[in-house]
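Have a look at the structure below before the remarks.
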Amino acid sequence: MRRSQPQLFLIAAASWLASLALSSSYVLLDPDHLTVVNSDVLASFWLNALKFHPLGRLPEFLRGMACGFPFLRSRRESKLALPLVLSGIAALIVVVYFSAVIPYVILHTALLAPAFAAIVYGFALRPNWGTILENRLLVLCGDASYSLYLLHSMIVGIYFHDTIGRVRNQGPIGVLVFVLLAVTISVLVYQFIEEPAHRKRNPKRKLQLGGVETQAPPQPVPA
């Protein structure tokens with residue numbers, strides 16, 4: 001909180017490079033000695049450590065805070081929104097185009113973080129053309145996204161595989177039904193479990209979140 005804007009952007013850049021260093025080290029060292037590395041590999045120790053261990057995700061956490069503080073401290077210059085969003089989308093398209101030759105762990109861990117940060121930052125500036133994202137249904141889906149993150153893998157297993165492991169419900173209609181089912185379950189879990197638990201744990205939570213934009217920027221503490 002005491003860091004200046006240039007320092008925060010430096011922390012964000014350093015955190016991104018740290019994440020890339022971790023994933024690149026895995027590619028170079030090949031500690032699991034796998035023939036193929038992709039999302040279907042579930043039981044490899046070092047790959048799971050890279051993907052899920054808290055220390056491996058720490059740079060992303062720091063990067064998020066380093067991007068968040070400048071947003072809270074700065075004026076909302078909505079004219080910056082379109083360049084930010086377009087640059088983020090352009091970077092995403094380039095990475096997707098070359099994704100076949102980019103190692104899976106680098107794609108999975110942080111390569112696109114600056115692109116996503118630019119897109120999120122741009123829409124958070126609330127340009128007029130971005131108000132569609134403030135639709136109540138989309139906001140509800142956004143609120144339920146953490147429930148979706150937690151539950152989707154369990155739903156995938158049940159929906160796409162029978163009791164003996166055979167694949168089912170393939171095809172566009174099957175995928176569409178799965179998306180609708182997963183989103184509906186996530187919204188119900190958010191409405192009736194997650195949000196009531198938040199209110200019970202911290203009744204002042206809504207008030208605190210609503211007052212974020214009015215807070216004065218933290219002042220540096222003299223050495």
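Any value given below was found using the heavy atoms of this structure, including those in side chains, with hydrogens, waters and symmetry copies removed. For this chain, numbers begin at 1 and follow the sequence in order.
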Exercise for the section: Give the intermediate values and the outcome of side-chain contact (heavy atoms from CB on, under 4.5 Å) for residues Glu77 and Leu125. Expected result: CA-CA 7 Å; Glu77 296 286 353; Leu125 293 173; 5.6 Å; no
Handout entry: Criterion side-chain contact (heavy atoms from CB on, under 4.5 Å) on Val36 and Val41, from CA distance to verdict
Key = CA-CA 8 Å; Val36 177; Val41 178; 5.7 Å; no
Problem - CZ-CG distance between Phe123 and Leu84, expressed to the nearest 0.5 angstrom - result: 11.0 Å
Exercise for the section: Could you give me the CA-CA distance, side-chain angles and deciding distance for His161 and Ile158, then say whether side-chain contact (heavy atoms from CB on, under 4.5 Å) is met? Expected result: CA-CA 6 Å; His161 299 87; Ile158 297 172; over 6 Å; no
Handout entry: Flag, side chain of Arg63 to backbone of Ser19, donor-acceptor distance under 3.5 Å
Key = no
Practice task
Check whether any side-chain N or O of Ser23 sits under 3.5 Å from a backbone N or O of Leu20 as a donor-acceptor pair, and report yes or no.
Solution key: yes
Exercise for the section: Report yes if the side chains of Leu8 and Arg73 come closer than 4.5 Å at any heavy-atom pair, otherwise no. Expected result: yes
Practice task
For Arg166, enumerate each residue passing the salt bridge (charged side-chain N to carboxylate O under 4.0 Å, His left out) test, keeping only those at least two apart in sequence or located in another chain.
Solution key: Asp162
Problem - Shortest non-hydrogen separation from Phe178 to His152 and the atoms involved - result: CZ-O, 4.3 Å
Completion exercise
Tightest non-hydrogen contact, residues Tyr121 and Ser74, listed as OH-OG, 4.3 Å
Handout entry: Heavy-atom closest contact (Leu50 atom, Arg57 atom, distance)
Key = O-NH1, 3.5 Å
Practice task
Identify the heavy atoms of Ser186 and Leu148 that sit nearest to each other, and give their distance.
Solution key: OG-CA, 3.1 Å
Practice task
Would you check if the side chain of Arg136 reaches a backbone N or O of Glu134 as a donor-acceptor pair within less than 3.5 Å?
Solution key: no
Exercise for the section: Find out if a path of hydrophobic residues (ILVMFWY) with successive side-chain heavy-atom gaps under 4.5 Å connects Val179 to Leu188. Expected result: no
Exercise for the section: Indicate if Val183 and Ile173 have the same hydrophobic cluster label, given that clusters are the connected sets of ILVMFWY residues with side-chain heavy-atom separations under 4.5 angstrom. Expected result: yes
Fill in the blank from the handout: For Ala66 and Pro70, the nearest pair of non-hydrogen atoms, with its separation, is O-CD, 2.8 Å
Would you mind writing out the side-chain donor-acceptor pairs for residues 96-115 within the sub-3.5 Å range, not counting sequence neighbours?
{"from": "Ser99", "atom 1": "OG", "to": "Val96", "atom 2": "O", "distance (Å)": "2.8"}
{"from": "Tyr104", "atom 1": "OH", "to": "Lys51", "atom 2": "NZ", "distance (Å)": "3.0"}
{"from": "Thr109", "atom 1": "OG1", "to": "Val105", "atom 2": "O", "distance (Å)": "3.2"}

Practice task
Measure from NZ or CZ of Arg2 to the centre of the six-membered ring of Phe69 and say whether it is under 6.0 Å with the direction within 45° of the ring axis.
Solution key: no
Handout entry: Side-chain heavy atoms of Val175 within contact of Gln170, under 4.5 Å
Key = no
Practice task
Return yes if some donor-acceptor pair links the side-chain N/O of Asn38 with the main-chain N/O of Asp40 below 3.5 Å, else return no.
Solution key: yes
Practice task
Keeping to residues at least two apart or across chains, list the ring-ring contact (aromatic ring centres under 6.0 Å, His included) pairs with something in residues 8-55.
Solution key: none
Handout entry: Shared hydrophobic cluster for Leu22 and Phe61 (ILVMFWY, side-chain gaps under 4.5 Å)
Key = no
Practice task
Assess whether side-chain contact (heavy atoms from CB on, under 4.5 Å) is satisfied between Ile89 and Ile119, documenting all intermediate values.
Solution key: CA-CA 7 Å; Ile89 292 174; Ile119 294 171; 4.1 Å; yes
Exercise for the section: Spell out, as yes or no, whether a donor-acceptor pair under 3.5 Å connects the side chain of Asn169 to the backbone of Phe160. Expected result: no
Practice task
Ignoring hydrogens and angles, tell me if any N or O in the side chain of Gln7 forms a donor-acceptor pair with the backbone of Ser4 under 3.5 Å.
Solution key: yes
Problem - Co-membership, hydrophobic cluster, residues Val156 and Met154, 4.5 Å side-chain - result: yes
Practice task
Treat each ILVMFWY residue as a node, draw an edge where side-chain heavy atoms are under 4.5 Å apart, and state whether Leu80 and Leu72 are in one component.
Solution key: yes
Completion exercise
Minimal heavy-atom distance between Ile132 and Leu138, with the atoms involved, is O-CD1, 3.3 Å
Practice task
Check for a donor-acceptor pair, side chain of Tyr159 on one end and backbone N or O of Val177 on the other, with a separation under 3.5 Å.
Solution key: no
Practice task
For residues Arg126 and Thr131, determine if any side-chain heavy atom of one lies less than 4.5 Å from a side-chain heavy atom of the other.
Solution key: no
Handout entry: Separation of Cys141 SG from Leu133 CG (nearest 0.5 Å)
Key = 11.5 Å
